[in-house]
Novice: 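Okay, here's the structure, questions in a sec.
Chain naming here is simple, since letters A, B, ... match the order of the sequence lines and numbering starts at 1 in each. Values reported hereafter were calculated over all heavy atoms of this structure, with side chains retained and with hydrogens, waters and symmetry mates removed.
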Amino acid sequence: MTESTRLTAWRLGIIFGALLVVEASVRSGWISTFFLAAPTRAVVVLWEQLLHGKALHLTLITLYEIAACLVIATIFGVLAGFFLWRYKLIGTSYEMPLAALFSSPIILAYPIFLVTFGRTSAAVIALSSIFGLIPIIMNTKGAFQNVNPILLQVGASMNLSRKQLFRHILVPAVAPTIFSGFRLALTYILKSVLGLEYVAQVGGVGMWLADASYKFEVEEVYAGLFGTIALSIMFLYLINRSESWFRK
Amino acid sequence: MAILTLRNVSKVFGEPDNGAALVPAVDNVSLDVEAGEFFSIIGPSGCGKSTLLRVIGGLLPATSGELYVGAEKVAGPHPWLGFVFQEESTFPWRTTLGNVEFGLEMRGVAPDERRRKAKEMIGLVGLSGFEDRYPSELSGGMKQRVAIARALVLEPKILLMDEPFGALDEQTRIILGEELMRIRDQLKQTIILVTHNINESVQLSDRVMIMTARPGRVKEIVAIDLPQPRDSSIIASDRFGKLVAQVWNALREESIRSFRQTEQRN
Ligand SMILES: Nc1ncnc2c1ncn2[C@@H]1O[C@H](COP(=O)(O)OP(=O)(O)OP(=O)(O)O)[C@@H](O)[C@H]1O
Ligand SMILES: [Mg+2]
């Protein structure tokens, strides 16, 4: 067994072990179903809701919102980060305010967005994109700043064209840092999208979670949580897959 | 005919118009290197060796003077030249094979052919079995050999090497030097090696050029008349000792001067 398969095995073992403990605790009545749903029940409910209930529609809304945020944050974030690196003076002057913005509770500005965009997906996307934007800008700028200049000289010594230097040296060199920016961005976007859906009742999985919790539909709450985890795994998988494409 | 010619090459760092202090790094260097020659450049730390090699490699424009590769006057990286850097320079996202294939891939060589050539070169530098390892899984010496193979596989007529063994221990350094001579004999290359190791320069070279303290000038060129082909056992000979002494004699005064220079600056 290689190191990485062993790691994966351990990871899955821990996750399924924990689920098993929860399952057993609920089934034996040790933890009340009022607080916690048995994972198998939650999965069944999620499945039923996806097939027959409102969940499919709501999940698609959330999926669409997250994807839109990621696309917007990626395009503008990478461009802005690249720009801040290229034009040093601007980059230096805006690094501090950006970092400050990043650590401030922008989420509290949500009423402004609701007023501006109405209680729509557009409001959720507009606000949540900002959360994704900031780590991508910072990581992109940092990535370009920290490219080892010797690697570019290797390319120059081989007479590479500017395009080759960019695609085959610069891009693979900056990819890991930018992609960890994407992963960070995904986390922030998920939190923001679901939080806004929950708070403002705009639709999506967040609203479903809110509804279910008001009605004490414990199994549905956990079904919604599982759905959210599945979404986040899916996006992470896509991000990681595209990273390996840029690293060659 | 000389394969590489420098005529009064100088390099000054710093731009006069933005007020930064001018640093003359290389001063008025002229030399001819013959095809197939193993030519070493040695000098005190900071004397301008890397700068000179980068100018030769076309990675840095000379402030004045002329550079010819063959009969051609050049200003920029010439396709006959290959470069091995002083610093760690392997691509961390590529395996050994991927690193060595890189240049061929960029030149549009077909996958089968470039794989074959890269594997052959990996064998030549003694890294067979490590084709699929990433640089992070290799030792410093192995990474440097990957960088050497990556340059060699493009079959440069002139290989420029900037202290390729600088970070290595003495034993590895001697063995790799020996391998380098073997490869050179096989590929019939011209090699210009920058080093600050006197033994290494004498062990490997046909001629050793000693540079002065900064700004680097040609102080003396010592012809190494040890028999060819040689291996590392040459180190034990009397003649080797004499040549080392001769190089050190020329270098000693410059090293002291360079040492004083740095002291003053601190
Ligand atoms: N890009 C640069 N800008 C300004 N000064 C530079 C630059 N590169 C090198 N120098 C200066 O030029 C001088 C020669 O540097 P160089 O790297 O060529 O020395 P070296 O002989 O290779 O030294 P070492 O043996 O330590 O590798 C040094 O004083 C260095 O500070
Ligand atoms: Mg140097």
Novice: Chain A heavy atoms under 4.5 Å from B/R150: which part of the residue, side chain, backbone, both or neither?
Specialist: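 Answer is both: backbone and side chain atoms of B/R150 are under 4.5 Å from chain A.
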Novice: Just wondering, are more than 12 heavy atoms of other shown residues or ligands nearer than 6.0 Å to CZ in A/R167?
Specialist: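 Yes, because the 6.0 Å sphere around CZ of A/R167 holds more than 12 heavy atoms from other groups.
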Novice: Surrounding CZ of A/F82 (heavy atoms of other residues, nucleotides or ligands, distance under 6.0 Å), is the total greater than 12?
Specialist: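 Yes, enclosed.
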Novice: Determine whether A/S157 and B/L59 satisfy the following criterion, side-chain contact (heavy atoms from CB on, under 4.5 Å), listing intermediate values before the conclusion.
Specialist: CA-CA 7 Å; A/S157 78; B/L59 299 172; 4.1 Å; yes
Novice: Side-chain contact test, heavy atoms from C-beta onward, threshold under 4.5 Å: evaluate it for A/Q153 versus B/F83 and give yes or no.
Specialist: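 Contact flag for A/Q153/B/F83 side chains = no.
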Novice: Measuring from A/H168:NE2 to B/F102:CZ, what's the distance to the nearest 0.5 Å?
Specialist: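 One finds 7.0 Å between NE2 of A/H168 and CZ of B/F102.
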Novice: Counting only non-hydrogen atoms closer than 4.5 Å, does A/A175 touch chain B with its backbone (N, CA, C, O), its side chain (CB onward), both, or neither?
Specialist: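 Neither the backbone nor the side chain of A/A175 comes within 4.5 Å of chain B.
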Novice: How long is the straight-line distance from CZ of B/F91 back to CG of A/L151, given to the nearest 0.5 Å?
Specialist: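 Spacing of CG (A/L151) from CZ (B/F91) equals 6.0 Å.
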Novice: Could you tell me which non-hydrogen atom of A/A156 sits nearest to which non-hydrogen atom of B/P77, and how far apart they are?
Specialist: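 That closest heavy-atom pairing would be O-CG, 3.3 Å.
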Novice: Is it the side chain or the backbone of B/E88 that comes within 4.5 Å of chain A heavy atoms, both, or neither?
Specialist: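 Contact with chain A is through the backbone of B/E88 alone.
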Novice: Take atom CZ of A/F226 as the centre, draw a 6.0 Å sphere, and report whether it contains more than 12 heavy atoms from other residues, nucleotides or ligands.
Specialist: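 Yes, because the 6.0 Å sphere around CZ of A/F226 holds more than 12 heavy atoms from other groups.
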Novice: Could you grab the distance from atom CG of A/N159 to atom CE of B/M106, nearest 0.5 Å is fine?
Specialist: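 So the gap between those two atoms works out to 13.5 Å.
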Novice: Kindly check if the number of other-residue, nucleotide or ligand heavy atoms within 6.0 Å of CD (B/E120) is above 12?
Specialist: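 Counting neighbours around CD of B/E120, 12 or fewer heavy atoms of other residues, nucleotides or ligands fall under 6.0 Å, so no.
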Novice: If you count heavy-atom pairs within less than 4.5 Å of chain B, which of A/P172, A/P176, A/A173, A/S161 leads?
Specialist: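 Heavy-atom pair counts peak at A/P172.
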